[in-house]
Amino acid sequence: MSDNGAVLDVKNVTVTYETDKGPLHTVRNVSLKIAPGEIYGLVGESGSGKTTLARAVVRYLPANGKITSGSIKLSDTDLYQLPREEVRKIWGSRVTMVHQDPNASINPSMLIGDQIAEMARIHLGMNKKQARDRAIEMLTRVRMPDPESVAKRYAHQLSGGMLQRVLIATAMSTNPEFMIMDEPTTALDVTTEAVILDLIHELMADYNTAILFITHNLGVVARLCDKIGVLYAGEIMEEGSIDEVFKKRLHPYTRGLLGCVPRVDASKKDISLSSIPGYIPRPDDLPDGCIFAPRCELVEDACEKERPPLKEIAENHFSACRRVDQLQEKIERKDELREHHEEELGDIVLEARNIKKYFPFTPGIGSLFGSKKAELKAVDDISVRMRSSFTMGIVGESGCGKTTLARCIAGIEEATSGEIELQGKLLAYSVKKRPHDTLKKIQMVFQNPDASLNPQHPAGDSVARPLILLRDMSRKEVREKVKELFKAVSLPEDYIKRLPHELSGGEKQRVAIARAFAADPALMICDEPISSLDVSVQASLMNLLTELQDSAGTSYLFISHDLSAVRHISDWIAVVYLGRLWEIGSAEDVFIPPYHPYTEALLSAIPIPDPEVKQDRIRLKGSVPSPLNIPSGCRFHTRCPRKYGKICEKEEPPWQDMEDGHRICCHIPLEELRELQGDGLLKKSSAGGGS
Amino acid sequence: MALANGEEKKKAGVSYLGKFFPRLRRYPTTYIGFAIILAFLFIAIFGPMIAPYHYSQQNLALRLDPPSEEHIFGTDQFGRDIYSRILVGSRDVLTVAGSGTALAVFFGLLLGLFSGYRGGLFDEMVMRAMDVILSIPPLLLAMVILFALGPSRVNVILVVGFLYIPMVARVVRSVVLELKTRQFVEAARMRGESSLYILYKEILPNVLPSLAVEASMRFSYSIFLVASLGFLGLGVQPPSPDWGLMVGEARTWFYQAQWVLYFPAGAIALLVVGVGFMSDGLRRMLLPGGVSDVG
Ligand code: SF4
Ligand code: SF4
């Protein structure tokens, strides 16, 4: 990219927050340049200051935040010097924003069309008629199905993916020069995310907008962006073109981050994920030298004395590490290979047969008149079998019933029918009716770390309670055991007394894992336990779960929408869509063809943090149909990219067996699937060929 | 939030204890509120000792005497010292309104906890009953009940307590409804904890912040209600130096002696404002996220 004519030119910006404890410099000395039509990916974990930086460059900071030095130029306008009223005029016309949460930026009581039209009226000076046409035009541009009717709907009538399109349409409607996208796809399913990323990519070809794309997902950056900047604790660590940075990784932090992302071609049996030890420093507690030094593997004395500046190493490739030369020498990623032990099949721990969960549902006002009840079929006939020391991964889009299935097995939700057998004994549907000694055998780790611990109980108490209640330990034993458990989840002993709000998200999740293990369960249900956490934290938690499984022999039911994570941690994978299983098999088998068309679509949607991997583009149309109104025949036929013909709409597909218990439920004969799918979507690298 | 930067929020957390004092500092009205209440508490305890005269000591020679050095708030129709009466009367207001509030908080908490946690028919019945009480203006209902029971200090307490149970119960119930879907409660259910344990150990501690805020608001309403009832002659009976009663009696003499009305009315207003400030401050401190402080 050429330097001159950058749309956004930020030089040495420092952002300071006035707080009760004094000024906090959350972003320091950051420079960025974005050319027209360029997408700049700004990556960082929570606490890195990426949102602050993005807001600062358009002067959109809260009242106590200030840009204390530097310069910001938007084309030829000096944004930094511009009076506040002038800046306001720029927002929405020359600069627009797309947020992560559509609900925060779309007015729920205004028609979608009117909202977009309003932007055009205010900022482009159009009259009513023109603005309306503009709105429809924009909705068409973002490939909204049936734009005319969408324009006449309200936000709550649209799905998450559609709302995100509306946001993009709104942001684009004024032909901005510069656009900020703040984690626009984070809240979406992988399949929808892939569609939105494609859309942004295509739109970029038509518009000349410069985009600052903020995300924590390296895979998304690799797929979409032209340039990447890695932000850490308020400073840029590495910056350059996508290919350069992903290939050379000339900063230990970039290397660390990339090492944390599980790979789709290797599992826990082959490698353990690298994780970055320690925590991101707080802006009031920065190290004197290199800010990454406390967590860096390559640290040497000189690093701690002076903060290394961002230096240009190759053309347009910058790194803030003193030891770039050493990094350049060994480029290859070091994987910690794990000993491969062929484990024999364990005993069967859980067998769930034909589980169904229907929720009664009376639509809207009909309930007033006692109208006929519909049924929401969240789980519709799913069977799984699990052995000891075994991980079953369950994947699927949100709303596919995976969490409901887990809750039925756990007994928090009462199944409508089916059988749940734990170690050969039939279990009651409701946890209330299950005997004491089975209670401890099934434990659960929940998704949201903030809600899974009682905010008023010290961490140690949360862990101690199952010991007292389910294992009848004496006080002294409990105290010892709690210490032991904290050690097992690598938390320091003084955390026992801390309240949850004094812990970070990852630490809370560790406490929740310790609590689950306190009961000494045979089966642990992990319901998206890592999805709300940063990649480095995810990696360390996955390693922790693997270690604990090795030592305790617990089985995991691991639910996630993140296929790479599931691939990494699971022995066996079940693919769920609309309350049914569609494919089940060992993790290796499910990821190589032939696979079910739905699995295929999920796989091709995974954002892989390697720009060199070329994935086939198989995209699903629309969103998951409502479980109130399940399509006939194969439930997937409304979205299936490989639909086999009329038969898919009429008849339920049969299960087809392959070797090693790998099964697919589809009308397409296996041979034909194999032919269609060829070698698969991902080229397999040599590291993964374990089995 | 002060740091509108979402990324920093995690470290700052929802810690309200850690932020208690800095937050407090940002809202000086809270201090004023606490100061007013402390002052009234002091008066309520030591009132009779610091009062220059006995509250019922009549001096018919000095009827409706304007504020002077001997009687800084003046005297009333019987020549009683208004200043002393207000000092002593604070005890009545605080105890009657306070006990009424305590009653409402106690029963409201119980009802709200069980109703919210149990759900179903029980919840439905309790809440409809609460709605019935809420649908009648409190003062009217209080008057009807007091006509039936006869005015007395105890009856006023009972009435105030009864009237404010629904409000407290509703607030508690809504918090419980939200809490019981939280995963730590589910985790407790999965361990086979009894409902009582879950209510008492898992849910109750998390209800307390909202309850404290609600209680302080109820307290300020109670003061008002007690004063109103006194004013209507349905509360504490003469010759007790009840503020509402004093205002009521002063009406007759208002054209001759306005101070007779101003001082007790002012005392009521000051106390209500003080409690209001305090409850506002409590809300800001205890329920983070309920307010946004970026102007
Ligand atoms: S400068 Fe030193 S401590 Fe900092 S990243 Fe480079 S090697 Fe690590
Ligand atoms: S049965 Fe038909 S619609 Fe269903 S997955 Fe197979 S090809 Fe697609």
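Residue numbering restarts at 1 for every chain, and letters A, B, ... go by the order of the sequence lines. Predicted model, so just to flag it, every value in this text is computed and none were measured.
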Quiz prompt | Side-chain heavy-atom pair B:Val171, B:Leu211 within 4.5 angstrom cut-off | solution = no

Self-check item: Donor-acceptor contact below 3.5 Å, side chain A:Lys50 vs main chain A:Gly44
Solution: yes

Quiz item: Do A:His216 and A:Glu183 have side-chain N/O donor and acceptor atoms under 3.5 Å apart?
Solution: yes

Self-check item: Proximity breakdown for A:Arg407 and chain B, heavy-atom pairs closer than 4.5 Å
Solution: side chain

Self-check item: Stepwise salt bridge (charged side-chain N to carboxylate O under 4.0 Å, His left out) check, A:Lys440 with A:Asp520
Solution: CA-CA 7 Å; A:Lys440 66 176 184 193; A:Asp520 194 18; over 6 Å; no

Self-check item: Any side-chain heavy-atom pair of A:His501 and A:Pro455 under 4.5 Å
Solution: no

Exercise. Anything in residues 182-195 of chain B with a heavy-atom distance to chain A below 4.5 Å? Please list those residues in order.
Key: B:Arg182, B:Gln183, B:Phe184, B:Glu186, B:Ala187, B:Arg189, B:Met190, B:Arg191, B:Gly192, B:Glu193

Quiz item: Mind checking whether A:Leu499 and A:Gln456 have side chains closer than 4.5 Å, heavy atoms only?
Solution: no

Quiz prompt | Residues A:Arg282 and A:Asp285 bridged, charged N to O under 4.0 Å | solution = no

Quiz item: Should A:Lys481 and A:Leu485 be marked as a side-chain contact (heavy atoms from CB on, under 4.5 Å) after you check the CA-CA gap, both sets of side-chain angles, and the distance that decides it?
Solution: CA-CA 6 Å; A:Lys481 187 73 192 169; A:Leu485 284 163; 4.2 Å; yes

Quiz prompt | Which of A:Leu439, A:Leu470, A:Asn454 touches chain B most, by non-hydrogen pairs under 4.5 Å | solution = A:Asn454

Quiz item: Any idea which heavy atoms bring A:Ala516 and A:Val445 closest together, and the distance?
Solution: CB-CG2, 4.0 Å

Practice problem: Measure distances from A:Leu61 to the heavy atoms of chain B and classify the residue's part below 4.5 Å as side chain, backbone, both or neither. | Solution: neither

Quiz prompt | Which atoms of A:Asn448 approach chain B - backbone, side chain, both or neither, heavy atom under 4.5 Å | solution = both

Quiz prompt | Any side-chain donor near an acceptor of the partner, A:Glu413 and A:Thr404, under 3.5 Å | solution = no

Practice problem: Kindly confirm or rule out a cation-pi arrangement of B:Arg218 over B:Tyr164, judged by NZ or CZ under 6.0 Å from the six-membered ring centre and within 45° of its axis? | Solution: yes

Exercise. Counting only heavy atoms closer than 4.5 Å, note whether A:Ala519 contacts chain B via side chain, backbone, both or neither.
Key: neither

Quiz item: Could you name the residues of residues 108-140 of chain B that have a heavy atom within less than 4.5 Å of a heavy atom in chain A?
Solution: none

Quiz item: Are side-chain heavy atoms of A:Arg498 and A:Pro458 found at a separation under 4.5 Å?
Solution: no

Practice problem: Side chain from CB out, backbone as N, CA, C, O: work out which of these in A:Leu469 comes under 4.5 Å of a heavy atom of chain B, or both, or neither. | Solution: side chain

